[in-house]
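Below is one structure, written out as structure tokens; the observations come after it.
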Number of protein chains: 2
Amino acid sequence: MNYNKDTSNKILDAATIEFEERGYSGARMQSIADRAGINKALLHYYYKSKDALFQLIIQKAINLFIPNLTKSFNESTDFFAGLEEFVAAYIDFLIKHPRIPGFITHEINNNPERVLKLFKASGLNLEPLKQKIKEAVHSGLIIDIAPGQLIINVISLSAFPFVAAPIITGILLNNDKAAYQQLMEARKKEVSQFIIKAIKK
Amino acid sequence: MNYNKDTSNKILDAATIEFEERGYSGARMQSIADRAGINKALLHYYYKSKDALFQLIIQKAINLFIPNLTKSFNESTDFFAGLEEFVAAYIDFLIKHPRIPGFITHEINNNPERVLKLFKASGLNLEPLKQKIKEAVHSGLIIDIAPGQLIINVISLSAFPFVAAPIITGILLNNDKAAYQQLMEARKKEVSQFIIKAIKK
DNA sequence: GGCAAAGTTAACCAAATAGTTAAATTTAAC
DNA sequence: GTTAAATTTAACTATTTGGTTAACTTTGCC
């Protein structure tokens, strides 16, 4: 069995686009082959099945989506600076991969067991982060807020505008895509400021 | 052509569940028939096609999803009270229809033109709300924030935790579904408080 | 019980889909 | 030019899917 690394990557890139755009059910192997500029037989030569390919793609998406939350905060001596840094980096990442949150949330709602297993396999550990939030509360630095709620708020404000991109663009911005991009860029700072103001004592 | 209203509704309910769970591509007419407790031939007798059925379901979902934003705020003399009222009612609605935001965002990313058309057909007009936010900024009641950004933040904080329900339940709450329900109930108040603190001068 | 309305069955259709296979062709390296 | 590696072609398979149809059965009403 021989593989060309270039071809393999072309397939992965094509499959990423296809699965992100259409989800597992809507994606088509022929379409992936077309996108990759190969024939379907070669696609099956390189990747055993649709399912095998999907597994790789969503695993990668999850590993990209899960920011190293604990690292970002643990390395920052200043709670608020760490938050700002995280939000900016995270939104920046999402600007480059705008479809990932929607892809993941759709698939995890379709097959919770399978996708959650991948989340857990990624080694995500939120306890240090929760602890750090608790300490900030305890020390009087921020208001009394449950760590889980704060984490949810941070991710919601960062990710949902990408999930809802067509609505925002179409309804709020009169189909002005450039305006949408500006809005997202602006959120790198606006979201963290919003959050900090909300929690600062 | 004769129709039994009861049967018609059973089909709509079944289709709602099927489309919300699997999306358009993943939904199966046989599955919808099974859920409704009828045979597939009758399903086609009542609804011409998968597409026709889907159109009805997503139209209804959008009409439910779009809260009457302007009404809620226009009727409230107090900006913050109006915000609190809206958030509580909106999250309450989402608790009852937890899959709607994920359904809509997935489908609108799959077929933006079609779904956006439905949004526009729903008569949503955000200008009065934007105006009200501008006035609150101008009068010094709230910080200087772009109306669009505030609207995005309110909807993000309200809706995304439902889109991300399996992640929150599985990762943050150790698969404790009751805890998830409590968390969502708590958000009726926590979200509005978070927002008000973030924007209040 | 009769009859019309509503629903079911069973078989069917065409198209699409993921996947397969062997032979042929092209590419790349020497 | 030769050869091995990589890719393509063309045809195929089995299954699934949305949709159809006519005959039959069940239900509800009078």
Side-chain angles (χ1 to χ4, degrees), chain A residues 1-61 103 106-107 109-111 114-115 118, chain B residues 1-61 103 106-107 109-111 114-115 118:
Chain A
M1 296 277 269
N2 299 288
Y3 300 107
N4 176 319
K5 192 170 153 194
D6 210 36
T7 304
S8 186
N9 287 334
K10 273 196 300 189
I11 297 174
L12 283 176
D13 292 344
T16 298
I17 296 171
E18 181 77 3
F19 282 123
E20 284 182 357
E21 285 190 3
R22 300 176 164 190
Y24 181 77
S25 300
R28 295 291 175 262
M29 296 299 268
Q30 186 58 61
S31 193
I32 291 167
D34 293 342
R35 286 183 193 262
I38 61 168
N39 57 78
K40 198 174 55 153
L42 194 66
L43 176 57
H44 286 284
Y45 176 76
Y46 271 81
Y47 296 97
K48 181 174 161 51
S49 66
K50 181 179 183 177
D51 200 77
L53 193 48
F54 175 77
Q55 179 86 357
L56 285 177
I57 304 292
I58 193 151
Q59 173 72 89
K60 187 178 163 194
F103 172 50
H106 176 66
E107 298 302 335
N109 277 287
N110 263 15
N111 194 337
R114 178 184 192 167
V115 182
L118 296 180
Chain B
M1 296 276 267
N2 300 289
Y3 301 106
N4 175 321
K5 192 171 155 192
D6 210 34
T7 302
S8 186
N9 286 334
K10 273 199 297 191
I11 296 174
L12 284 175
D13 290 345
T16 298
I17 296 170
E18 181 77 4
F19 282 123
E20 284 182 0
E21 284 192 3
R22 299 175 164 192
Y24 180 78
S25 301
R28 294 294 175 262
M29 295 298 267
Q30 184 59 61
S31 192
I32 291 167
D34 293 341
R35 284 183 195 263
I38 61 168
N39 56 79
K40 197 174 55 154
L42 194 65
L43 175 56
H44 286 283
Y45 176 76
Y46 271 81
Y47 295 98
K48 181 173 161 53
S49 67
K50 178 177 183 177
D51 201 76
L53 193 49
F54 174 76
Q55 180 86 356
L56 284 177
I57 304 290
I58 194 149
Q59 174 73 89
K60 187 180 165 196
F103 173 48
H106 175 67
E107 297 303 333
N109 278 288
N110 263 15
N111 194 339
R114 179 182 191 168
V115 182
L118 296 180

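Numbers restart at 1 for each chain; the letters A, B, ... are given by sequence-line order, proteins then strands.
Aromatic ring pairs are classed by plane angle as parallel below 30°, tilted from 30° to 60° and perpendicular above 60°; the pair Phe19(A) and Phe54(A) is perpendicular. Ring geometry for His106(B) versus His106(A): interplanar angle under 30°, hence parallel rather than tilted (30 to 60°). Under the 30°/60° scheme for interplanar angles, the aromatic rings of Tyr45(B) and Tyr3(B) are found to be tilted.
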Tabulate atom names and distances for all N/O pairs under 3.5 angstrom spanning the protein and nucleotides 19-29 of chain C.
from    : atom 1 : to       : atom 2 : distance (Å)
dG19(C) : OP2    : Lys50(A) : N      : 2.5
dG19(C) : N7     : Lys40(A) : NZ     : 2.8
dG19(C) : O6     : Lys40(A) : NZ     : 3.4

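Distance Ile11(B) CD1 to dG18(D) P: 15 Å, rounded to the nearest Å. The separation between Arg28(B) atom CZ and dG19(D) atom P is 12 Å, rounded to whole Å. Residue Gln30(A) contributes atom CD, which lies 13 Å from atom P of dA10(D) at whole-angstrom precision. Rounding to whole angstrom units, CG of residue Leu42(B) and C1' of dT25(D) are separated by 13 Å. The CG atom of Leu43(B) sits 14 Å away from the C1' atom of dT8(C) (whole-angstrom rounding). Rounded to whole Å, the distance from CD1 on Ile38(B) to C1' on dG7(C) is 9 Å. To the nearest angstrom, P of dG18(D) lies 8 Å from CD1 of Ile32(B).
In plain terms, the two heavy atoms of Ala14(B) and Ile32(B) that are nearest each other are CB-O, 3.6 Å.
Between atom CE of residue Met29(A) and atom CG of residue Leu53(A) there is a gap of 5.5 Å, rounded to the nearest 0.5 Å.
Residue Asn39(B) has its side chain nearest to dT9(C) when only dT17(C), dT9(C), dG18(D) are considered.
Looking at residues two or more places apart in sequence or on another chain, you find no ring pair (Phe, Tyr, Trp, His ring centres under 6.0 Å) involving Tyr47(A).
Looking at heavy-atom distances under 4.0 Å, Ala52(B) makes no contact with the nucleic acid at all. Heavy atoms of Tyr46(A) sit under 4.0 angstrom from primed sugar atoms or phosphate atoms, though from no base atom. At a threshold of 4.0 angstrom between heavy atoms, the contacts of Ala27(B) are confined to the sugar-phosphate backbone, with no base atom among them.
A donor atom on one side chain and an acceptor atom on the other are found under 3.5 Å apart for Tyr24(B) and Asp51(B). In the model, Asp34(A) has a side-chain atom that pairs as donor or acceptor with a side-chain atom of Gln30(A) under 3.5 Å.
DNA chain D is contacted by no residue of residues 13-26 of chain A, taking any non-hydrogen atom closer than 4.0 Å.
Distance alone, capped at 3.5 Å, is enough to place a donor-acceptor pair between the Glu18(A) side chain and the Arg28(A) backbone.
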